[in-house]
Amino acid sequence: MTKPVRVRFAPSPTGPLHIGGVRTALFNYLFAKKHNGTFVLRIEDTDQNRYVEGAENYIVESLNWCGIPFDEGVGKNEKFGPYRQSERKHLYKQYADELIAKGHAYYAFDTAEKLDFHRKDHEAKGKTFIYNWHNRLKLNNSLSLSEDEVQTKLDADEDYVIRFKSPQDETLHLKDSIRGDIKIDTNVLDDKVLFKSDGMPTYHLANIVDDHLMEISHVIRGEEWLPSLALHFQLYAAFGWEAPQFAHLPLILKPTGKGKLSKRDGDKLGFPVFPLEWRDPKTDDLSRGYKEDGYFAEAMVNFLAFLGWNPGTEQEIFSLDELINAFELERVNKAGARFDPDKIKWFNHHYMQDQDNHDLALAFQKSKSELSQIDTQYIEMVIALVKERATFVSDFWDLSHFFFVAPSVYDEKASKKAIKEGTTTILNTVKELVDSVDDFTVENLQNSIKGWITSNDIGFGKVMMPLRLALVGALQGPDVFDIIYMIGKAETLKRIDSLIATT
RNA sequence: AUUCCGUUGGUCAAAUGGUUAAGACGGUUGACUUUCUAUCAGCAGAUGGGAGUUCGAUUCUCCUACGGAAUUCCA
């Protein structure tokens with residue numbers, strides 16, 4: 001008796017998909033998979049003016065990179081195709097006509113300029129202009145004009161739009177899975193345009209027709225659509241169709257300041273808002289992407305899943321499968337969530353630890369010309385040592401350059417802290433000790449040097465700090481003995497000599 | 001201006017009509033008898049305000065404040 005779950009993600013190709021869109025897609029995907037349903041991608045390109053070259057392809061690639069590919073859509077399992085609304089253009093007019101025939105819609109001949117004038121005029125008087133029962137008889141449409149006049153205009157090929165006839169004095173009861181019941185007084189609704197004079201439907205009509213034709217069972221979309229819900233409900237009723245269930249996701253807000261996260265915030269605030277980088281075909285501006293910035297798709301997905309949803313347990317790290325399993329629409333929050341760039345870094349650091357060292361080594365090697373001649377296996381061992389401190393592959397060089405190149409300068413502060421009276425003598429002894437270790441292992445090195453320190457009661461700091469400075473050039477990095485072992489005896493002795501030479 | 005939605009520490013957030021209101025990020029302190037951006041441990045920090053219902057409200061209702069969204073022949 002329950003219908004199969006079919007959800008859709010329906011972006012318009014007006015630019016790159018931003019992080020809020022990715023989250024909407026993700027929640028749709030999770031919901032679909034959880035219920036063995038189908039995740040549909042539909043391209044809502046009814047506004048030809050805003051069409052951007054490459055945006056559609058970008059959307060598809062982004063979903064793929066995130067690991068949440070669509071099951072059905074453009075170029076894939078086209079059972080209900082086509083999936084671009086521009087290619088479905090011929091479908092919509094008949095539905096608009098049907099509404100006119102049923103008395104739910106009407107022709108309107110008012111020009112955009114005229115309406116604009118009315119809006120401004122009302123605004124100047126502190127009122128809001130609403131095209132509805134209140135004033136539609138004073139305007140230029142098939143309700144105010146005689147049948148002959150209307151026919152004459154239509155015959156003369158005059159521009160017209162088709163508007164929904166919003167009822168007077170009714171109370172609508174809307175249902176939203178996340179927000180519960182919402183009551184709306186129809187008197188505040190306006191007669192929305194359903195069909196534009198350019199022959200294309202508006203979002204509202206196309207959306208309802210397509211969701212119906214594609215047998216969408218649940219509409220999961222952003223909260224910015226909530227004000228349109230009343231219209232959409234009425235449209236389903238006017239057609240006599242069963243409406244899908246609606247769920248409006250909370251907005252994603254800017255990390256600081258006011259308002260929802262917008263496409264321009266990213267470069268302004270220093271973090272990406274797009275999954276992949278995007279070059280604007282018109283301006284040639286490049287916007288950063290999570291992928292190129294070194295984020296792992298799993299980390300981004302995990303983070304995004306927690307923006308507006310949580311499992312109610314203390315678990316925070318979720319694989320995609322675990323998310324599918326745990327996801328429930330009922331646990332989605334109502335309030336908008338602020339985007340936190342720090343938290344996604346934390347997720348990335350976590351996922352970094354799970355990455356394969358060999359893969360990381362290859363990525364690291366590719367990113368740094370200094371490493372091109374170095375044995376990948378050596379790089380892999382280095383990564384094993386520094387990974388726990390890394391959030392991105394791009395962190396590796398700062399964390400590990402001394403495994404590949406001897407320090408050329410010594411950090412000033414560190415030198416002050418590490419080099420004291422007697423340091424030269426100590427370093428000379430360390431050299432002898434290192435030199436005398438025949439079986440060159442971390443353990444033997446440790447036993448030798450630590451043993452010497454303890455038995456002579458010298459103090460670890462006095463030895464370890466200058467030694468570290470000699471090897472690294474600063475007071476940082478992994479265990480000193482690991483470093484010695486990795487760079488080898490000869491290089492170690494050389495570096496100690498270099499430091500002694502400066503004192 | 002109007003309509004709708006929302007409001008738990010700086011941020012993400014849990015929980016309940018009834019003891020000290022979880023946890024995470026960030027912050028901070030300490031430990032790791034060598035560093036640290038890592039790790040571990042500790043600490044600080046919250047139910048916007050006002051009424052009402054109730055024995056009791058952060059939880060339910062109303063008002064208010066604040067925030068957000070929408071009011072396009074954009075989606």
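Quantities reported herein were computed from a predicted structural model and do not represent experimental measurements. Chain A is the first sequence line, chain B the second, and so forth, proteins listed ahead of strands; every chain is numbered from 1.
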Sticking with atom [atom1], work out how far [N] lies from [M], rounded to a whole angstrom.
N	M	atom1	value
B/rU53	B/rC43	P	41 Å
B/rC36	B/rA22	C1'	31 Å
B/rU7	B/rA44	C1'	24 Å
B/rU37	B/rG26	P	12 Å
B/rG23	B/rG6	C1'	23 Å
B/rG52	B/rU20	P	25 Å
B/rA57	B/rU8	C1'	14 Å
B/rA14	B/rU2	C1'	36 Å

Just compare [options] and give me whichever is closest to any side-chain atom of [X].
X	options	answer
A/Leu251	B/rU37, B/rG68, B/rC73	B/rG68
A/Glu314	B/rU71, B/rG23, B/rA75	B/rG23
A/Arg179	B/rU37, B/rC5, B/rU7	B/rC5
A/Leu115	B/rA69, B/rC73, B/rA75	B/rC73
A/Val480	B/rA24, B/rU34, B/rC36	B/rU34
A/His349	B/rU34, B/rU39, B/rC5	B/rU39
A/Ile182	B/rA13, B/rC25, B/rC5	B/rC5
A/Asp340	B/rU71, B/rC25, B/rA75	B/rC25
A/Ser197	B/rC4, B/rC73, B/rA75	B/rC73
A/Asn333	B/rU34, B/rA14, B/rC5	B/rA14

Looking at every strand, decide which applies to [X] at a 4.0 Å heavy-atom threshold: base, sugar-phosphate, or nothing.
X	answer
A/Arg331	sugar-phosphate
A/Gly222	nothing
A/Asp110	base
A/Lys387	nothing

I'd like to know if [X] pairs up with [Y] as an ion pair, taking the criterion as any Lys NZ or Arg NE/NH1/NH2 lying under 4.0 Å from an Asp or Glu carboxylate oxygen.
X	Y	value
A/Arg84	A/Glu87	yes
A/Asp395	A/Arg389	no
A/Arg338	A/Asp340	no

A/Trp346 vs A/His350 aromatic rings, parallel, tilted or perpendicular, using cut-offs 30° and 60°?
-> tilted

Starting from [atom2] on [N], measure out to [atom1] on [X] and report it in whole angstrom.
X	N	atom1	atom2	result
A/Ile483	B/rC36	CD1	C1'	11 Å
A/Phe339	B/rC12	CZ	P	12 Å
A/Asp342	B/rC25	CG	C1'	7 Å

Find the distance between CZ (A/Arg42) and CE (A/Met214) and round it off to the nearest 0.5 Å.
-> 5.0 Å

Mind checking the CZ-CG spacing from A/Phe318 to A/Leu30? Nearest 0.5 Å is all I need.
-> 11.0 Å

Among pairs that include at least one residue of residues 464-485 of chain A, which meet salt bridge (charged side-chain N to carboxylate O under 4.0 Å, His left out), considering only residues two or more places apart or in two chains?
->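 Every pair satisfying salt bridge (charged side-chain N to carboxylate O under 4.0 Å, His left out) with a residue in residues 464-485 of chain A: there are none.
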
Nearest-nucleotide 5' precedence on RNA chain B, A/Pro227 against A/Trp346 | A/Trp346

Toward the 5' end of RNA chain B, which comes first, A/His204 or A/Ile130, by nearest nucleotide?
->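 Per heavy-atom nearest nucleotide, the more 5' residue is A/Ile130.
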
May I ask which nucleotide in the shown strands pairs with [N], Watson-Crick or G-U wobble, both distances under 3.5 Å?
N	result
B/rC4	B/rG68
B/rA57	none
B/rA31	B/rU39

Test side chain to side chain contact (heavy atoms under 4.5 Å, CB included), reference A/Ser86, set A/Asp47, A/Asp45, A/Thr46, output is A/Asp45

Below 3.5 Å between N/O atoms, which protein atoms pair up with nucleotides 65-67 of chain B? Just atom names and distances, please.
residue	atom	partner	partner atom	Å
B/rG67	OP1	A/Lys258	NZ	3.3

